[in-house]
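All remarks here apply to the structure that follows.
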Amino acid sequence: MFTTLYTSKDVVSTSLTGLALMSLAAAVLCFVGLSWSNERWRVPTALVGAACLVTSIYYAGATGYWLSSGAASAGVRFSAWYTVHPLQIAAVYFYARTQGPVPVGVFWRLVGASLLMVFGRWLGDAGFFNPTLGVLISIGFWLYILGEMYFGAMPEAVRKSSRPVRFGYFWIRLLFTLGWAVYPILHFVDVVIGVGQAPSIIVLYSVFDIVNLIIPSLIVLAVAGQDRY
């Protein structure tokens, strides 16, 4: 069955498999990086590694589901987001904590906001209330996360750090600003407009997971490698 369905013309299965392998490779790099990074960088590095590992498992399962049924499941994607987004947000928090004290309350607020950001979209997708309202709720919590990343205690802790740390934080924050904006947009097209899990939507989700997950994870690893002593 795989030989008949898995061809170079099948862009969806190619993108899903590619993301599974890329996420796994990024996870391995992050976990290996724990051995050469400074002790204070091990928590954020391990967190982004775990986020990449969960993503690789999701994409491996999504590939099998697509090849067997020719369809995609939004439910599986939401299951991955419930784990991946909080791990990423926690990694950013501990990234800032390497440079100075950041109140633990910021951690719990950010993790809670990341869960509610996904939960809002899921409620709309599942039909518990209007999908547009779900998108708006999700955007609200995403904007709160950005507010903490731009104006809260985290940028204050990073502001007086070394240039690589400040540069890395700048790019991670920018990717979360521009890249994460794609999720509510695609969800709106998928659910509100009613396009559904069309091949183009699936491929776009996959492409932006490179921008929103793999690149920020490698930035954390690169900064941790430069701050070894």
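Small disclaimer: the values here were computed from a predicted structure and weren't measured.
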Where is the tightest heavy-atom contact between [X] and [Y], given as atom of each residue plus distance?
X	Y	value
A157	P101	CB-O, 4.5 Å
F107	A90	CE1-CB, 3.7 Å
S114	I89	CB-CG1, 3.9 Å
T45	A224	OG1-CB, 3.8 Å

Decide side-chain contact (heavy atoms from CB on, under 4.5 Å) for F94 and V102; before the verdict, give the C-alpha distance in whole Å, the side-chain angles of both, and the deciding distance to 0.1 Å. CA-CA 9 Å; F94 284 105; V102 181; over 6 Å; no

Could you state the interatomic distance from [atom1] ([X]) to [atom2] ([Y]), rounded to the nearest 0.5 Å?
X	Y	atom1	atom2	value
L110	M154	CG	CE	4.5 Å
L221	S37	CG	OG	8.0 Å
L175	I210	CG	CD1	12.5 Å
L34	L29	CG	CG	11.5 Å
Q226	F167	CD	CZ	10.5 Å
M22	I214	CE	CD1	4.0 Å

Same apolar cluster (I L V M F W Y, side chains within < 4.5 Å links), [X]/[Y]:
X	Y	value
V92	F170	yes
L218	V32	yes
V207	V11	yes
L133	V118	yes
V203	I185	no

Can you find a heavy atom in the side chain of [X] that is under 4.5 Å from one in the side chain of [Y]?
X	Y	answer
C52	L213	yes
T55	L19	no
S206	L16	yes
W41	V223	yes
S56	L53	yes

Pair R42, T98 - check side-chain contact (heavy atoms from CB on, under 4.5 Å), show working. CA-CA 10 Å; R42 289 176 184 170; T98 64; over 6 Å; no

Only pairs under 3.5 Å count here: list side-chain donor-acceptor contacts from residues 138-147, not counting sequence neighbours, and write none if there are none.
from : atom 1 : to   : atom 2 : distance (Å)
S138 : OG     : M117 : O      : 2.9
S138 : OG     : R121 : NH1    : 2.9
W142 : NE1    : F176 : O      : 3.1
Y144 : OH     : R109 : NE     : 2.9
Y144 : OH     : E148 : OE2    : 2.7

Donor-acceptor pair, side chain of Y95 and main chain of V165, under 3.5 angstrom: yes

Between S15 and V12 (side chain of the first, backbone of the second, donor and acceptor by atom type, cut-off under 3.5 Å), is there such a pair? yes

How are the rings of W81 and H85 set to each other: parallel, tilted or perpendicular (split at 30° and 60°)? parallel

Verify the ring-centre separation between Y93 and W108: is it less than 6.0 angstrom? no

So, Y82 versus W122, ring centres under 6.0 angstrom or not? no

Any side-chain donor near an acceptor of the partner, Y58 and D209, under 3.5 Å: no

In short, side chain to side chain donor-acceptor pair (under 3.5 Å) pairs touching residues 165-182 with sequence neighbours left out are Y150-T177

Just to verify, which of I172, L87, V48 counts as forming a side chain to side chain contact (heavy atoms under 4.5 Å, CB included) with S217? V48

Is R159 paired with E156 through a side-chain N to carboxylate O contact shorter than 4.0 Å? yes

How far apart are the C-alpha atoms of Y59 and T17, what are their side-chain angles, what is the distance that settles it, and do they pass the side-chain contact (heavy atoms from CB on, under 4.5 Å) test? CA-CA 7 Å; Y59 273 107; T17 305; over 6 Å; no

